[in-house]
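Order of appearance sets the numbers: ligands from 1, and atoms from 1 within every ligand. In this chain, numbering begins with 1 at the start of the sequence shown. What you see below is based on every heavy atom in this structure, not just the backbone, and it leaves out hydrogens, waters and symmetry mates.
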Amino acid sequence: MDFLQQRLLSVRQEIAAACSTANRSIDEVTLITVTKNHPTQLVLDLLELGQFDFGENRNQEAEPKAAEVLANSNFSRSSYRWHFIGQLQSNKVKNVLEYADVLHSLDRESLLESLAKELPKKQRNLEVFIQLNLTDNAERGGIRPADLLPFAEKVLQVPQLKLQGVMGVASLDGNLETDFDAIWRASQQLRTLHPSATSISAGMSDDFEIALRHGATHLRIGTAITGKRQY
Ligand SMILES: *Cc1c(COP(=O)(O)O)cnc(C)c1O
């Protein structure tokens with residue numbers, strides 16, 4: 001068994017164990033492998049290993065990679081999904097819509113406006129998560145939990161956007177339990193407005209077990225599966 005297969009298997013086992021500890025069903029958890037800073041071949045290898053959700057955070061890298069996967073894989077386009085998880089510039093929305101199935105980082109009004117403009121032109125829908133800012137620093141991307149519901153109301157006015165839930169990254173200096181609990185509470189609030197927005201995108205290589213205890217449904221895991229990023 002090669003290195004990648006081993007890492008993938010062991011992360012899947014850790015997820016299963018954490019779910020069972022947290023008394024949760026593994027069926028409600030999606031593992032997104034973050035392939036940023038790795039070559040296209042890694043995505044092709046992961047597809048062969050039965051991993052079908054991929055995360056990227058920069059269009060400049062993701063756009064050519066998605067095209068190469070499309071050209072070089074035997075898997076049909078509908079069998080795998082690209083998740084855009086990084087900060088997205090409004091002028092790149094057009095490009096990202098060429099390949100992304102899900103956007104985890106809807107974090108501001110100007111991005112919402114570009115999406116509302118571009119999606120009808122492309123005649124397509126997009127699954128989105130609203131990204132939360134858990135810090136006191138307004139410069140960091142994301143919607144403050146206190147502003148979540150008014151922002152979500154605007155998202156719901158765009159019929160092409162399918163609101164899945166909230167996304168958060170634990171703050172570097174904060175307490176992980178507090179941060180993931182804040183994400184969970186924001187999610188509960190969102191569900192009062194839009195009951196089907198049950199998803200929580202939270203948890204990375206170093207903290208996914210804690211995130212799972214706080215209700216995470218979409219784990220974004222890079223290094224633990226792919227090894228150190230290469231560039
Ligand atoms: C890179 C990245 C991840 C994955 O981080 P790892 O620590 O490598 O698991 C998750 N989420 C976002 C938003 C990222 O940019």
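- Shortest contact from atom 5 (O) of ligand 1 to any protein heavy atom: M204 CE, 3.7 Å.
- Atom 4 (C) of ligand 1 has its closest protein heavy atom at R220 O, 3.6 Å.
- The N/O atoms of T223, backbone and side chain alike, include one that comes under 3.5 Å of an N/O atom in ligand 1.
- Paired with E56 under the rule side-chain hydrogen bond (donor to acceptor under 3.5 Å, both in side chains), one option of H38, K65, H83 passes, and it is K65.
- In this structure, Y99 and F84 have tilted ring planes: the angle between them lies in the 30° to 60° band.
- If you check which protein heavy atom lies closest to atom 9 (O) of ligand 1, you get S205 OG, 2.5 Å.
- Only the side chain of K36 comes within 4.0 Å of ligand 1, judged by heavy-atom distances.
- Under a 4.0 Å criterion applied to the non-hydrogen atoms of I221, ligand 1 contributes the atoms 9 (O).
- Under a 4.0 angstrom heavy-atom cut-off, I85 registers as being in contact with ligand 1.
- S199 and Q164 form no side-chain donor-acceptor contact under 3.5 Å, judged by distance and modelled atom types alone.
- In terms of polar-atom proximity, defined here as any N/O pair under 3.5 Å, G222 does make such a contact with ligand 1.
- When all heavy atoms of A197 and R191 are compared, the pair lying nearest together is O-CG, 3.5 Å.
- Between F54 and W82, the angle of the ring planes lies from 30° to 60°, which puts this pair in the tilted group.
- Between K117 and E113 there is no salt bridge, since none of the side-chain N atoms of the basic residue sits less than 4.0 Å from a carboxylate O of the acidic one.
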